[in-house]
Amino acid sequence: MRHSHQETSQSREAPGQDVRDHRDVRSRQTQGRRGLPLPVRFTILAAIFVAVTLAGLALGSVNIPLGDVMTVITGGTNVDPVSLTIIHDVREPRTITALLVGAALGMSGLEMQTLFRNPLADPYVLGISSGASLGVALVVLSTSASAGAATFASGLGIGPDLLIMVAAALGAAVVLLIVMLAGRFIHSSTILLLLGVMIGYFVSSGVTVLLSRASPELIAQYTRWQFGSYHGVTWQNLRVMVPIIVAMILASLLLAKPLNALLLGERYAQTMGMNLKVMRTLLVASTAILAGAATAFCGPIGFLGIAIPHLTRGVLGTADHRHLLPGCILTGSSLALMADILAQLPGDDVLPVNAVNAVFGAPVVMVILIRWYREAEAT
Amino acid sequence: MRPDLFIFNLVSGSDNTSKIDKIKEMGIPVVAEPNFLESTPLGRAEWIKYDSLFVNAEKTANQKYDEIAEKYHATAKRTAKVKTRPTVLHGSQYKGVWYIKPNENYAIQFLRDAGGEYVFKDLHGVASRKLDTEAVIKQAHDADFWIDGPEKSSIPQILKADPRLKSLKALDNGNMWDATPRADPKHGNDYWQTGVVRPDLVLADLTAILHPELDRDHQFHFYRKATAK
């Protein structure tokens with residue numbers, strides 16, 4: 001782990017130019033140097049992370065006294081058994097899931113934006129999540145047909161849970177590879193994005209065809225799974241989800257240098273002595289596993305992958321991946337959980353979390369689009 | 001196919017309106033049957049009188065309805081006198097989102113008439129509400145019965161799919177019932193066909209579930225207990 005503050009002085013030499021948008025990144029970097037130092041910014045992000053995590057455990061539709069919440073978190077059991085169940089079996093898995101999914105989608109979004117050199121790339125937009133959905137649908141429809149259990153991606157036991165994860169990651173990887181292949185021939189970012197959206201539709205239609213043969217219960221369950229939610233994940237699912245996502249997040253931190261080199265262009269990366277093929281393969285694997293693992297149990301979660309990297313760049317004022325990757329972990333997890341806390345605030349009824357994600361995610365996309373338009377006008 | 005009459009009971013909305021307009025354009029008379037808006041089971045069943053007008057069977061319909069209503073009231077009269085009213089959770093979840101019917105829904109009227117006490121009786125309205133797992137555990141952990149929960153399931157299966165539900169007393173006691181014996185694996189469930197016009201049969205089942213002492217030899221028509229294995 002070499003992302004500590006001793007590197008802040010080096011960040012001046014660090015490759016800081018986004019290829020398509022270097023004026024902007026540079027100006028943000030100068031701002032960054034003028035404002036708060038990087039360690040302070042990281043401390044603020046970490047403080048927000050801790051505060052949101054505590055809020056996730058303390059807030060919910062049922063009112064539980066803060067004292068009881070603290071007792072349960074610190075391992076005590078001397079509280080009302082109903083409160084104990086709610087905090088331990090409902091809120092803790094929900095909180096851990098939201099934190100993991102936020103971090104995973106934030107990181108994979110950042111990796112994709114650099115890989116495609118496109119600020120609008122993310123697993124959701126480019127159809128990677130749809131690929132993961134197809135993987136999940138294939139596993140669930142085949143296992144439920146043989147086991148006779150009409151349960152969509154839950155309660156199948158550790159083996160099948162792992163199988164769903166693998167299928168989701170493979171589905172994600174296949175779509176990602178198709179989009180990358182298309183990217184070789186198409187150099188327009190806009191066209192590539194639209195192509196990704198279309199591939200997403202194409203893959204979704206595959207799921208629909210599969211489902212048309214399924215029982216009405218499975219169809220209803222799939223439809224609800226598609227809304228996206230952290231609330232269905234139990235401790236049992238987490239036994240598979242936590243090790244995979246945490247290992248992948250740690251492994252992806254090692255990709256910071258290749259990502260920085262890619263930011264300066266493929267030629268530059270090659271002159272730095274990097275094997276582009278190996279690097280790309282690693283990046284695709286990392287992105288697909290992170291996005292796939294996040295989608296497998298929670299359904300497609302929108303806007304986090306696109307918004308988190310931009311928000312992190314804004315907060316940290318840098319384009320250096322050695323800072324952005326850990327930054328995305330903090331902002332991503334905080335933001336995902338915050339949106340979920342908000343989703344259950346309005347009174348008795350819960351909102352789909354994707355609706356809340358769109359509220360802060362869509363404006364980020366709009367700002368990027370307007371910036372593109374202005375640039376196009378200027379040239 | 002050229003029907004003489006088209007009866008619809010869809011929820012009104014722009015999409016449905018345009019489809020219905022299309023049918024009208026074809027010269028087929030269209031009438032509405034919004035029986036789902038009724039808040040009592042008998043109110044829903046009484047729509048057979050309306051249907052009978054189109055086939056000149058008004059007399060038979062009136063007579064049948066009176067018989068059904070009489071049987072229904074007879075059962076409800078017996079449960080009105082019960083000393084203890086077991087508490088009931090009604091509805092099911094998917095991935096932590098529970099679809100819970102408010103107190104004024106016809107399904108809850110069934111529970112009241114069967115001598116039960118609904119755990120969400122303070123939730124008012126007709127249309128289902130979406131609640132999260134913690135709200136349901138808080139309100140229903142002590143409920144004696146769980147009715148119309150996960151379909152065609154066994155108790156170990158339910159707990160395996162969602163271990164959080166182990167805190168529900170009804171699951172612990174095995175008091176979980178669903179209306180699936182007359183469900184076809186592919187096409188539907190007779191509970192939603194015959195059940196609508198024979199509320200007396202549904203009520204008799206529910207009464208036998210909540211108050212077995214009132215009818216020891218009851219033959220269940222629509223309901224079955226979730227299996228223990």
To the nearest 0.5 Å, how far apart are CZ in Phe303(A) and CG in Leu105(A)? 13.0 Å
For Arg91(A), is it the side chain, the backbone, both or neither that has a heavy atom under 4.5 Å from a heavy atom of chain B? side chain
May I ask you to decide if Tyr191(B)'s main-chain N or O and Thr194(B)'s side chain share a donor-acceptor pair within less than 3.5 Å? no
Ranking Gln139(B), Lys138(B), Lys166(B), Gln93(B) by heavy-atom pairs under 4.5 Å to chain A gives rank one to Lys138(B)
Could you name each residue pair satisfying ring-ring contact (aromatic ring centres under 6.0 Å, His included) that touches residues 99-129 of chain B, not counting sequence neighbours? none
Can you name the side chain to side chain contact (heavy atoms under 4.5 Å, CB included) partners of Trp235(A), sequence neighbours left out? His88(A), Asp89(A), Glu92(A), Pro93(A), Ile96(A), Leu238(A)
Quick one: which of Val233(A), Ile86(A), Ile87(A), Thr234(A) has the most heavy-atom pairs under 4.5 Å with chain B, could you say? Ile86(A)
